[in-house]
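See below for the structure under consideration.
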Amino acid sequence: MSTMTFTTDTPIRFSGVLASEFTKLFTLWSTWIIAAIMLAASAFVAVTEAENSQYSAPGLETVSGADAILHIFWIVRIGTQLFIAALAVIAITHEFSSGTIQTTVLSVPRRLPALAAKVVVVASVTTTLSLMSSLVQYAVTRPMLDPVGRGASITDPTLVSAALGDALYLVAVAVFALMLATIVRNAALAITIVLIILFGVTIAGPALPMIAGVPGEYYFLSYAADMATLALYQPTDVSDIMRSLAVTLAWIVVPGVAASVLFARRSV
Amino acid sequence: MIQVEQLTKSYRGKMVVNNVTFRVEPGSVTGFLGPNGAGKTTTMRMLLGLERPDSGRALIAGKRYTEHRAPIRQVGALLDARAAHPNRSARDHLRIIARTHGISNRRVDDVIGLAGLDSVAKKRAGKFSLGMGQRLGIAVALLGDPRALILDEPVNGLDPEGVSWIRSLTRSLATEGRAVLISSHLMAEMAQTADRVIVLGRGAILADEAMSDVVSGAGRIRARTTKAVDLADLVRREGAEVLQVDVSTLEITGMSAEAIAEAARTNGILLIELSTVPISLEDAFFKLTHGSVEFRQTMTTSEDPR
């Protein structure tokens, strides 16, 4: 039968909750599948874009050095944000759909450390995947871009800054998606809303009126986060950076507060 | 010790748990009975901090569940045997919970063995039968080697060997000094397992008694005498109900053995036997919960009697 194995009641520590959340994500096949598809898709899109650069090389003399690969990074990120959003959404919704959320809140009854640990896990995995994606894109396109004079060193500061900027952009998207999914508790609904918000700027953005003296599309998450991270490797107006940062933070903090309150109080 | 004080909970104006108070002492198994919708699961969920009571307190070792520094070391709970991700192995499910409290993988393997899941520890939980799921739920409950256990319908889906295992496990855990609160619909099983019974009906406590009192207190008195007809008339006049079993034996309800003996002595009736007829827990349960059942089957006949 059961025997008294423990001599002390070790209290719950955040490091333990974090380890638990990492184990959760890494013990699901869906995590690995999404990551593998994302990296493969990154490589495929990067190669396709590099081919376009090669063929159009004579007409694009101004594009040189890191510019070609920066453009590829930007194009690929449009797609990778979908995978990252899906990964962030399932990090919480799989718990609601499988009923394991009950086990989570019984293990961490104050609840908020569990949500904070999820944020850290999602942000860490997103950063890692984003940097891996950038590395994959660089590796597959370098042999194609070098011969046409558009290659760049992997240590090129602009390239490194752009890769970090992409990672930060995707972390913003991931945390927003996680918070939204915590509120709606349904994977399909959360992903749909995230898609509308991320791509709404493309569809409805230009038609939006000016708000507080700036175009309405500037208040979309994707536009603001893009502008904020662009400042890492391109000269940008300080007021634009501050506004973009504020808008990006608002997209994270407002749903974050709502998600925290609901996660702490709702029955599971 | 598990302690519930004047616990009340309602949903959209409907009272689900109404001023419920009870205690589960260490070293005992307490059965938690009641028809569907009686409020058992809601009470257990409030004990575990999954629901907020409208009023009252639910304490474990003197604190609310959420106030414990290491809650799964205080209470092990089984509420839903299906609360495991279908694509995750049983061992990984346990490892995830263990990590939060710094519990070692060795303990994880110990409880897997204890629950009889060694051969399926790496199998996906989605492939488990309900019985295997219950065993996994029990393993989760035991993971922190807790001082109290709250088990909601732990024998659901278990085969006879599994039911027997739960019985001996819960008895053994209580013998080790733990407080065990267990709900079940299997009355015969509960009668063999529990020391004490709490019966809920429509959210209120209908009985909170030692098992021995429940199965005997509501029972009938068997009286054997050479003057059965005379004794029957006598006790009927005292307001008791009488069933004549045979020429010399009566079963009397509504009167204590002492009162029957006194009435017989006063009237010169010789009693050959006077004993309590034990009733089953099931009979006692139905008697207690009559009128508290939310959903009752209505018997109909296929033919019109006319």
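So that the names make sense, note that chain A is the first sequence line, chain B the second, and so on, each numbered from 1.
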Please output the residues of residues 260-268 of chain A in contact with chain B, using a heavy-atom cutoff of under 4.5 Å, in numerical order. Ala264(A), Arg265(A), Ser267(A), Val268(A)
Value rounded to 0.5 Å, distance of NE2 in His68(B) from CD1 in Ile12(A): 11.0 Å
Can you measure from NE2 (His85(B)) to OG (Ser98(A)) and round to the nearest 0.5 angstrom? 5.0 Å
Out of curiosity, Asp92(B) CG to Leu28(A) CG, how far, rounded to the nearest 0.5 Å? 9.0 Å
Name, in order of residue number, those residues of residues 121-129 of chain B that have a heavy atom at a distance of less than 4.5 Å from a heavy atom in chain A; otherwise write 'none'. none
Indicate whether the side chain of Thr23(A) and that of Arg95(B) have a donor and an acceptor atom separated by less than 3.5 Å. no
Relative to chain A, which of Leu48(B), Val75(B), Leu50(B) shows the most heavy atom pairs under 4.5 Å? Leu50(B)
Check whether any side-chain N or O of Ser107(A) sits under 3.5 Å from a backbone N or O of Ile97(B) as a donor-acceptor pair, and report yes or no. no
Once rounded to the nearest 0.5 Å, what's the spacing between atom OG1 of Thr100(A) and atom CD1 of Ile96(B)? 8.0 Å
Contact check, side chains of Lys24(A) and Arg99(B), non-hydrogen atoms, under 4.5 Å: no
Tell me if the CE atom of Met1(B) is crowded by more than 12 foreign heavy atoms within 6.0 Å. yes
Roughly how far, to the nearest 0.5 Å, is the CD atom of Gln102(A) from the CG atom of Leu79(B)? 5.0 Å
Heavy-atom cut-off 4.5 Å, strictly under: side chain, backbone, both or neither for Leu106(A) against chain B? both
Would you mind telling me which of Gly99(A), Ser15(A), Pro109(A) has the largest number of heavy-atom pairs within less than 4.5 Å of chain B? Pro109(A)
